[in-house]
Amino acid sequence: MSKPSIPKGTRDFLPATMVKRNYIFSTIKKSFIKFGFLPIETPCMENTSTLMGKYGEEGDKLIFKILNSGDFLSKVDEQSLSEKNSNGILSQISEKALRYDLTVPFARFVVQNQNEIAFPFKRYQIQPVWRADRPQKGRYREFYQCDADVVGSDALIYEVELVQLFDEVLSNLGIKDFTIKINNRKILSGIAEITGMSDKIIDITVAIDKLDKIGAEGVIKELREKEIPDSAIDKIKPLFELKGNNSEIIEVMKRMLSNSEMGMKGIEELEYVFEKINLLGLENAILEFDVTLARGLNYYTGAIFEVKANNVSIGSICGGGRYDDLTGIFGLKGISGVGISFGADRIYDVVEELQLFPSFSSETTQLLLINFGEDENKSLQILNQFRKSNINTELYPTDAKLKKQMSYADAKNIPYVLFLGEEELKSGSFNMKNMVSGEQTQMNIIEIIEKLKP
RNA sequence: GUGGUUGUAGCUCAGCUGGUUAGAGCACCGGGUUGUGGUUCCGGGGGUCGUGGGUUCGAACCCCAUCAUCCACCCCA
């Protein structure tokens with residue numbers, strides 16, 4: 001018999017891990033609620049057609065497709081089947097797929113439920129997503145995203161708000177040193193425009209995004225491979241040497257993009273965000289204009305965000321941006337949206353690496369009642385009494401040997417045990433042992449409740 | 001999808017140049033102890049050495065294939 005296992009890139013979570021994961025989720029959720037976002041959920045699977053084509057060519061490959069039920073092959077047309085054409089038969093054998101992110105399903109949700117929601121609609125959503133990627137450090141095939149998006153308004157105050165949200169959540173998790181990188185797709189469009197390569201904007205942005213990784217030489221090499229002429233590359237080159245603080249870089253970009261209306265609009269939007277953030281201040285985050293930031297999905301049209309924890313070996317932990325026409329794909333035009341996503345699993349890895357998790361001892365059992373096989377009714381009543389006083393309590397199920405019962409308390413880190421022996425049950429005075437100090441005291445039920453009450 | 005790494009007990013790993021019955025620590029179970037855990041002592045269960053083939057008198061060890069794993073690239077949270 002083969003050992004049981006789980007699919008590549010997926011994980012089991014033990015109780016000790018879940019307690020910490022829940023802490024991250026609840027910290028994020030608390031801030032989402034504070035900023036006025038409302039919860040929604042969508043199904044883990046969507047129609048394949050809803051997802052395909054929304055994430056670029058690479059994205060399509062990374063979507064998990066779900067096979068149709070029944071004898072699906074018999075319905076495939078002979079020709080595609082004999083040609084062994086995977087893409088050709090895909091739509092015939094799979095009409096459902098696991099969601100790849102929360103944004104596209106949300107766009108679908110907005111279009112479908114447009115008459116039942118009030119715009120601007122601020123929603124948050126904390127659910128798992130699946131990607132058929134090769135797993136590696138900090139990369140899983142099943143992971144949680146925690147999204148907050150606003151649709152139905154193009155007001156820039158939301159960009160400001162989302163920067164504050166990044167700052168608040170990560171600060172509340174105890175992370176002190178992190179950078180929120182911000183850019184604007186209109187600036188990237190402006191760059192493509194002044195080089196006369198507007199149609200190559202994706203190739204250009206993907207290449208310059210890699211600047212800090214492969215260096216100027218590498219970027220130039222990649223641009224050439226994408227058939228960007230040297231004359232255009234020369235115009236892009238100044239980006240590789242940008243230095244200074246945010247406002248200095250903005251000034252340089254203003255000069256560079258002065259002939260691009262689109263580019264100047266992007267600068268203007270960016271300046272607004274900086275101005276308001278300067279007014280309001282940030283707790284721990286460093287907000288940094290990064291012209292090379294281009295990651296993200298093809299649908300961003302305005303602001304682009306990415307958050308990186310400094311001095312940890314984990315990639316970006318949050319992302320986001322504005323997408324003017326996301327719902328347009330599903331038939332609802334003119335609805336602008338802006339949103340961000342917290343990668344809970346990576347944030348977990350960061351908080352773990354930085355040893356920032358608090359202790360969660362109060363969330364586990366506080367008191368174990370040691371079972372001597374005496375008056376069971378009385379024992380159950382005592383158990384009830386503790387629970388009604390909000391003390392996390394359990395009764396050992398059998399009168400097993402003391403060693404076994406105490407070991408159980410030990411394994412679960414239960415700080416107190418109470419001996420429900422014959423004498424105690426009769427007299428009402430119980431022997432309670434502190435499992436940390438080893439100290440034992442005689443107390444009645446009322447006194448114990450008083451002592452352990454949260 | 002591309003390149004590399006590693007597969008030995010539930011977990012972490014040792015195992016010499018190919019040599020007889022494959023080991024340790026931790027974990028688990030039982031006992032020393034029928035009202036005292038974590039410390040300690042004694043004992044126990046547990047392995048098709050990832051899988052299939054090849055070389056050899058003989059393979060955990062060498063060769064080939066395959067699967068899995070982790071790391072990196074692409075891309076991304």
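Convention: sequence-line order gives letters A, B, ...; per-chain numbering from 1.
For the pair D203(A) CG and rC74(B) C1', the computed distance is 14 Å after rounding to whole Å. Distance, F419(A) CZ to rG35(B) P: 11 Å, rounded to whole Å. Between K403(A) atom NZ and rC29(B) atom C1' there is a gap of 11 Å when expressed in whole angstrom units. Distance, D209(A) CG to rC74(B) C1': 13 Å, rounded to whole Å. K404(A) has its NZ atom 13 Å from the P atom of rG38(B), to the nearest Å. E142(A) places its CD atom 14 Å from the C1' atom of rA77(B), with the value rounded to the nearest Å. One atom, OH of Y55(A), and another, P of rC76(B), lie 13 Å apart when rounded to the nearest Å. Whole-Å rounding puts the R141(A) CZ to rA68(B) C1' distance at 12 Å.
Two residues, A411(A) and K433(A), neighbour RNA chain B, and the one matched to the more 5' nucleotide by heavy-atom proximity is A411(A). Of the residues near RNA chain B, V307(A) and G9(A), the one whose nearest nucleotide (by heavy atom distance) lies more toward the 5' end is G9(A).
Backbone-only engagement by K137(A) is indicated by non-hydrogen atom pairs under 4.0 Å involving sugar-phosphate atoms exclusively. Nucleic acid contact class of E424(A) (heavy atoms, under 4.0 Å, all strands): base. F342(A) comes within contact range of no nucleotide atom at all, as no heavy-atom separation falls under 4.0 Å. Using a 4.0 Å heavy-atom distance criterion, V129(A) is classed as making no nucleic acid contact. Across all strands, G438(A) comes closer than 4.0 Å to base atoms (heavy-atom distances). S407(A) comes within 4.0 angstrom of the backbone, heavy atoms only, and of no base. Q405(A) comes within 4.0 angstrom of no nucleic acid atom, judged by non-hydrogen atoms across all strands. Within 4.0 Å (heavy atoms only), Q145(A) reaches sugar-phosphate atoms of the nucleic acid but no base atom. K401(A) comes within 4.0 angstrom of sugar-phosphate atoms only, judged by non-hydrogen atoms across all strands, and of no base.
The side chain of R139(A) lies closest to rC75(B) when the candidates are rC75(B), rG35(B), rG37(B). When the nucleotides rA72(B), rG35(B), rC74(B) are ranked by their closest atom to the side chain of D133(A), rC74(B) comes out on top. Listed candidates were rG37(B), rA77(B), rU36(B). Nearest to the side chain of M435(A) is rG37(B). Proximity note for F143(A) (side chain, C-beta onward) versus rC74(B), rU36(B), rA77(B): the nearest is rA77(B). Among rG31(B), rC75(B), rU36(B), the nucleotide with an atom closest to any side-chain atom of K210(A) is rC75(B). Listed nucleotides: rC75(B), rG35(B), rA77(B). Nearest to the side chain of E423(A): rG35(B).
A distance of about 16 Å separates the P atoms of rC63(B) and rG4(B), rounded to the whole Å. Here, rG30(B) and rC49(B) have their C1' atoms 29 Å apart, quoted to the whole Å. Rounded to whole Å, the separation between the P atoms of rU66(B) and rU5(B) comes to 16 Å. Between rG47(B) and rC11(B), the two C1' atoms lie 14 Å apart (nearest whole Å). When the P atom is used for both rU33(B) and rC42(B), the distance is 16 Å, rounded to whole Å. Rounded to whole Å, the P atom of rG45(B) lies 16 Å from the corresponding atom of rC29(B). Comparing the same atom, C1', in rU12(B) and in rG7(B) gives a spacing of 14 Å after rounding to whole Å. Across rU48(B) and rA60(B), the matching C1' atoms stand 12 Å from one another, rounded to whole Å.
Nucleotide rU33(B) forms a pair with no other nucleotide shown, judged by Watson-Crick or G-U wobble geometry with both contacts under 3.5 Å. Using Watson-Crick or G-U wobble geometry with both donor-acceptor distances under 3.5 Å, rA24(B) finds its partner in rU12(B). Nucleotide rA65(B) is matched to rU51(B) when pairs are restricted to Watson-Crick or G-U wobble geometry with both distances under 3.5 angstrom. Pairing for rG1(B) goes to rC73(B), judged as Watson-Crick or G-U wobble with the two contacts each under 3.5 Å.
Side chain to side chain, T365(A) and N392(A) fail the donor-acceptor criterion of an N or O pair below 3.5 Å. For the 3.5 Å distance criterion, the side chains of S336(A) and D154(A) fail to qualify, holding no donor opposite an acceptor. Checking T179(A) against N310(A) by side-chain atom types alone, a donor-acceptor pair falls below 3.5 Å.
Checked by atom type and distance alone, the side chain of R108(A) never pairs as donor or acceptor with a backbone atom of F330(A) at under 3.5 Å. With hydrogens and angles ignored, the 3.5 Å screen pairs no side-chain donor or acceptor of D324(A) with any backbone N or O of G302(A). Between the side chain of R99(A) and the backbone N or O of E46(A), no donor-acceptor pair lies under 3.5 Å.
Residue-to-nucleotide contacts include a donor-acceptor pair under 3.5 Å from the side chain of R134(A) to the base of rU2(B).
Ring centroids of Y100(A) and F64(A) are separated by 6.0 Å or more, keeping the two rings apart.
Phosphate proximity of rC73(B) to K213(A): present, with a side-chain N or O under 4.0 Å from OP1 or OP2. Contact between the side-chain N/O atoms of K8(A) and the OP1/OP2 oxygens of rC70(B) is not found at any separation under 4.0 Å. In terms of phosphate contacts, Q136(A) brings no side-chain nitrogen or oxygen within less than 4.0 Å of OP1 or OP2 of rC70(B).
Counting heavy atoms from C-beta outward, I445(A) and F386(A) have side chains that approach closer than 4.5 Å.
Heavy atoms from other residues, nucleotides or ligands lying under 6.0 Å from CD of Q442(A) number more than 12.
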